[in-house]
Amino acid sequence: MKLLRIGQPGAEKPALLDEDNVLRDLSGIIDDVAGKALSPHALSKIAALDPARLPTLPEGQRIGPCVGQVGKFICVGLNFADHARETGKEPPAEPILFMKATSAIIGPNDDVEIPKGSRKADWEVELGVVIGSRAKYVTEDTAMDHVAGFCLVNDVSERSFQSERGGQWTKGKSHDTFGPIGPWLVTADEVADPQNLSMWLDVDGVRRQAGSTKTMIFGVRHLVSYISHFMTLEPGDVIATGTPPGVGMGIKPEPIFLRSGQVMTLGIEGLGSQRQHTMEAGS
């Protein structure tokens, strides 16, 4: 299934995109695409519905973040060996984890702000893993039992905030609008192999990133198990699993960074696409 949230910020309705690409209203079935609605039992009840019996939603409405009420937005750094090398770092021996503020989350086509004082705003197409059931000390063999599905993430970053302002990476990752997710959550049963999905990102129509999840250093099963040994994963938590090469900071001979008035488009095979305009940050 493809689950999504339709409407203005803070007033999104849960929806299902059926096989004919018709939007179906799920608000009579679940309160939101969030929390308990992502459990295996809840998803199986939605899957058993006849979409044709659900009300339709008008086209052209804003698509919100595909998951509501996200508790934790966990990111994995340098998880593609070629991306690690383009940043001048060696591939890590263990997953590098950092947190992205949930206040950064926006819809897939919402505007992205360039922060005040920004010099090095950057892009990162990533596979998002959405947790469906509580995971603590789980094994790799059972890790996928705790995954509700997958989504597209743009892990927008400000490199000077991230690397030149002291402390950890979070301050360069958490500006408002730095976390577009969606357009929809694709349930795990519809993704045959999360380790074999093509991914891409363009800036102003120029292809900057082109890769595949098959070159991830640490795959989805390993990451879910690994992270669950450091923190309990709860339904609705999102894990952004890393980006392939082609980020702005890695471009030779001179890095290229985002500025106001540009357009990012990105996608992952089977998970849809996003389109964001960049703009100067307001107050």
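None of the values given here were measured: they were computed from a predicted structure.
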Any Thr102 side-chain heavy atom under 4.5 Å of Lys72 side chain
no
Side-chain heavy-atom pair Leu258, Val203 within 4.5 angstrom cut-off
yes
Whichever hydrophobic residues join [X] through chains of side-chain contacts under 4.5 Å:
X	value
Ile105	Met1, Leu3, Leu16, Leu26, Ile29, Ile30, Val33, Leu38, Leu43, Ile46, Leu49, Leu54, Val67, Val70, Phe73, Val130, Val153, Ile181, Leu185, Val238
Met279	none
Leu78	Ile96, Phe98, Trp169

Can you tell me which residue pairs pass the ring pair (Phe, Tyr, Trp, His ring centres under 6.0 Å) test with a partner in [range], sequence neighbours excluded?
range	value
residues 191-221	Phe218-His222
residues 113-163	Tyr137-His229
residues 23-44	none

Distance-only, no hydrogens or angles: does the [X] side chain make a donor-acceptor pair with backbone N or O of [Y] under 3.5 Å?
X	Y	result
Glu124	Val247	no
Arg275	Thr265	no
Asp25	Ser27	yes

Salt bridge (Lys or Arg N to Asp or Glu O under 4.0 Å) partners for [X], two or more places apart:
X	value
Glu190	none
Glu126	none
Arg165	none
Arg221	none

ring-ring contact (aromatic ring centres under 6.0 Å, His included) partners of Phe178, counting only residues at least two apart:
His175
Return each pair, listed once, that meets side-chain hydrogen bond (donor to acceptor under 3.5 Å, both in side chains) where at least one residue sits in residues 244-260; pairs must be two or more places apart or across chains.
none
Where do Met249 and Phe257 land on the side-chain contact (heavy atoms from CB on, under 4.5 Å) test, with the steps shown first?
CA-CA 7 Å; Met249 69 180 295; Phe257 297 111; 3.8 Å; yes
Between Ile239 and the options Leu97, Val76, Leu127, the side chain to side chain contact (heavy atoms under 4.5 Å, CB included) test singles out Val76
Ignoring hydrogens and angles, state whether a donor on the side chain of Ser118 or Glu158 is under 3.5 Å from an acceptor on the partner side chain.
yes
